[in-house]
Visitor: 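Could you have a look at this structure, given as structure tokens, before my questions?
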Amino acid sequence: MSRYTLALLLVVVWCTPAAAQDQWPQFRGPDARGVSEAAGLPTRWSATENVAWAADLPGLGWSSPVVWDDTVYVTTVVSTEPVEEPLGGLYRGREFWSPSTAEHRWIVYALDVGTGDVRWEREVHRGPPARGYHMKNTLATETPATDGDALFVYFGNLGVFCLDAADGELRWSHDVEPATTRLGWGTAASPVLHDGRLYVVNDNDDQSYLLALSAETGNEVWRIARDEGTNWATPFIWQNELRTEIVTNGTDRARSYDLDGNLLWELTGMSSITIPTPFAEFGLLFLGSGYLGDQQRPVFAIRPGASGDISLRGSETANEFIAWSQPQAAPYNPSQIVYGDVMYTLLDRGFFTAHDARTGEEIYSRQRIAVGAAFTASPWAYDDRIFALSEDGDTYVISAGATFEVVGRNPLGELAMATPAIAHGSLFIRTRSKLYRIAEAAAP
């Protein structure tokens, strides 16, 4: 029995409902939904209230933290020379930073969930970066994935690194050839782990591809070319009633592949920049893209079993495999969320909408969350509330249901663009310089 097979068996044993509440293993958590059913999670906080700990993070990074049992993992890149500060908004006069010639350090941290202390620190690369990035991006924007045994870290234009989750020792690495991205904006799509394989989408302006690596060895299982330009959307493993699919969002076409890399279906009609991550609920796949400069900002709800080109024709809003669509309902940066029976959409410029997730029917149209607030992080939900973290570090608390109401604002007072993690009755929120563990004062 291989070490990785044994690890998978242990994961099955560990994944009781109680244990699952202590794990947030990838971007947007289990099933990429951004939802927790745990009780006792915090609804009020500030930089001093309900803070279990706040750990300083050097360097720059907008990767989300991931959590497994008693450890939280996060990545960053530290420059040996001062760097320009990241900027929020749209876009305050500049859109990209040229590659630096200074030496940088690509670092992975493992922190103790209970104390915030560093359990281990691992530098996986040192040198000048091969490419630049957007002013809202970093060199450490991709979120790691873990199964508790190994931690899989992907830095775009650099490589994939598999570390031992317990001690950070490098098990294997897989180099990624630097590629040109649209307008030099850099990379952001996170890896996903499923059944012994790590899947990476690398959409760029040279040659895009979908890559499957052995989680145990790092060997390439397969690679397929994609007729696609630069995108920043994390892929989604859709385990539906008929089969398991690898769903990729894309500007030219959203596509789904089987586990051997064969194309199952494709769909045109997305906006010209694609960032949101697909996800599933009620047996439907939800995907969309909403670049602010486009009139077409669609959301699609797709049934299992599709094949070939399932694009809508003419004035169609549904077909055999598209249960419903909305032509102007998608966000730009944040991913959408389904909580209860409702699909909620957080728009970058501070508006919020709600649609019936099963039918697409509008429940309420655009409602302003707060004047002047901008949003990049994806929303999350629990305890009959939706939470939206602004770039200013304010988390707005919105009532779930048919009526829009902002019921709270929780300030941290620092730039924030990373999507939080939820585990151990806590929120793990990354800001420009810190990682916070937010928990009710009475929580253990």
Side-chain angles (χ1 to χ4, degrees), residues 24 27 42 44-88 97 100 102-126 129 133 135-144 146 151 153 155 161 163 165-168 190 376-377 389-395 410-441 443:
W24 196 262
F27 179 62
R44 290 174 51 87
W45 62 86
S46 69
T48 56
E49 180 186 6
N50 283 337
V51 176
W53 49 257
D56 292 330
L57 292 179
L60 286 176
W62 290 132
S63 60
S64 296
V66 296
V67 183
W68 193 279
D69 292 344
D70 59 356
T71 308
V72 54
Y73 305 93
V74 68
T75 65
T76 190
V77 174
V78 179
S79 175
T80 56
E81 295 181 2
V83 296
E84 294 182 88
E85 285 296 304
L87 299 174
W97 290 324
S100 170
E103 184 176 74
H104 286 57
R105 302 170 59 224
W106 281 255
I107 302 174
V108 184
Y109 284 100
L111 307 180
D112 185 279
V113 163
T115 65
D117 294 336
V118 176
R119 286 175 173 248
W120 53 258
E121 170 188 345
R122 187 69 56 211
E123 178 184 302
V124 297
H125 182 75
R126 183 185 290 238
Y133 51 91
M135 56 181 281
K136 294 180 73 169
N137 203 354
T138 68
L139 295 170
T141 296
E142 297 87 355
T143 297
T146 185
L151 180 73
V153 179
F155 293 106
F161 302 87
L163 308 179
D167 58 20
S190 301
T376 293
L389 174 63
S390 78
E391 293 176 355
D392 292 325
D394 296 328
T395 299
N410 301 323
L412 289 176
E414 188 176 37
L415 185 69
M417 296 192 204
T419 300
I422 309 169
H424 291 276
S426 308
L427 275 175
F428 296 85
I429 302 179
R430 182 180 196 163
T431 64
R432 163 63 183 85
S433 68
K434 297 182 183 298
L435 178 65
Y436 288 87
R437 181 185 176 187
I438 307 295
E440 294 289 347

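Note that the structure is a prediction, hence the values are computed from the model and not measured. For reference, positions follow the sequence shown, starting with 1.
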Visitor: Please check if any side-chain donor atom of Ser63 sits under 3.5 Å from a side-chain acceptor atom of Arg430, or the reverse.
Guide: yes
Visitor: Is the backbone N or O of Asp167 less than 3.5 Å from a side-chain atom of Arg122, with the two atoms forming a donor-acceptor pair by type?
Guide: yes
Visitor: Quick check: closest heavy atoms across Leu389 and Ala418, and the distance to 0.1 Å?
Guide: CD2-O, 3.6 Å
Visitor: Please round to the nearest 0.5 Å and tell me the distance separating atom NZ of Lys136 and atom CG of Leu415.
Guide: 9.0 Å
Visitor: Give, for atom CD of Glu142 and atom OG1 of Thr75, the distance between the pair rounded to the nearest 0.5 Å.
Guide: 7.5 Å
Visitor: Measuring from atom OG1 of Thr138 to atom CE of Met417, what distance do you get when rounded to the nearest 0.5 angstrom?
Guide: 9.5 Å
Visitor: Step by step, would you call Glu414 with Arg432 a salt bridge (Lys or Arg N to Asp or Glu O under 4.0 Å)?
Guide: CA-CA 6 Å; Glu414 188 176 37; Arg432 163 63 183 85; 6.0 Å; no
Visitor: Rounded to the nearest 0.5 Å, what separation is found between the CH2 atom of Trp45 and the OG atom of Ser426?
Guide: 11.0 Å
Visitor: Rounded to the nearest 0.5 Å, what separates atom CD1 in Ile429 from atom CD1 in Ile422?
Guide: 9.5 Å
Visitor: Would a distance-only check, ignoring hydrogens and angles, find a side-chain to backbone donor-acceptor pair under 3.5 Å from Ser46 to Asn410?
Guide: no
Visitor: Phe155 vs Trp106 aromatic rings, parallel, tilted or perpendicular, using cut-offs 30° and 60°?
Guide: perpendicular
Visitor: Is any side-chain heavy atom of Val124 less than 4.5 Å from a side-chain heavy atom of Val153?
Guide: no
Visitor: Heavy atoms, side chains only, cut-off 4.5 Å: are Thr419 and Trp62 in contact?
Guide: no
Visitor: Which heavy-atom pair separates Pro65 from Leu435 by the least distance, and what is that distance?
Guide: CG-CD1, 4.0 Å
Visitor: Mark yes or no for whether Asn50, through its side chain, and Ala441, through its backbone, hold a donor-acceptor pair below 3.5 Å.
Guide: yes
Visitor: Would you mind reporting whether Thr76 and Leu57 have side-chain heavy atoms less than 4.5 Å apart?
Guide: no
Visitor: Do you know the tightest heavy-atom contact between Leu60 and Tyr133?
Guide: CD1-OH, 4.1 Å
Visitor: Side chain of Ser64, backbone of Thr143: donor and acceptor closer than 3.5 Å?
Guide: no
Visitor: Specify the closest pair of heavy atoms between Ala54 and Lys434, including all atoms of both residues, with the distance to one decimal.
Guide: CB-CD, 4.3 Å
Visitor: Using a 3.5 Å distance criterion without hydrogens, assess whether the side chain of Thr71 forms a donor-acceptor pair with backbone atoms of Ala110.
Guide: no
Visitor: Please tell me whether Ser100 and Glu81 have a donor and an acceptor in their side chains that are separated by less than 3.5 angstrom.
Guide: no
Visitor: Of all the heavy-atom pairs spanning Ala416 and Gly393, show the shortest one and how long it is.
Guide: CB-CA, 4.1 Å
Visitor: Is the backbone N or O of Asp394 less than 3.5 Å from a side-chain atom of Asp392, with the two atoms forming a donor-acceptor pair by type?
Guide: no
Visitor: Parallel, tilted or perpendicular, judged at 30° and 60°: which one describes the rings of Trp120 and Tyr73?
Guide: tilted
Visitor: Locate the shortest heavy-atom distance separating Val72 from Phe428; write the atom from each residue and the value.
Guide: CG2-CD2, 4.3 Å
Visitor: For the CG atom of Leu412 and the CD atom of Glu49, what is their distance to the nearest 0.5 Å?
Guide: 11.0 Å
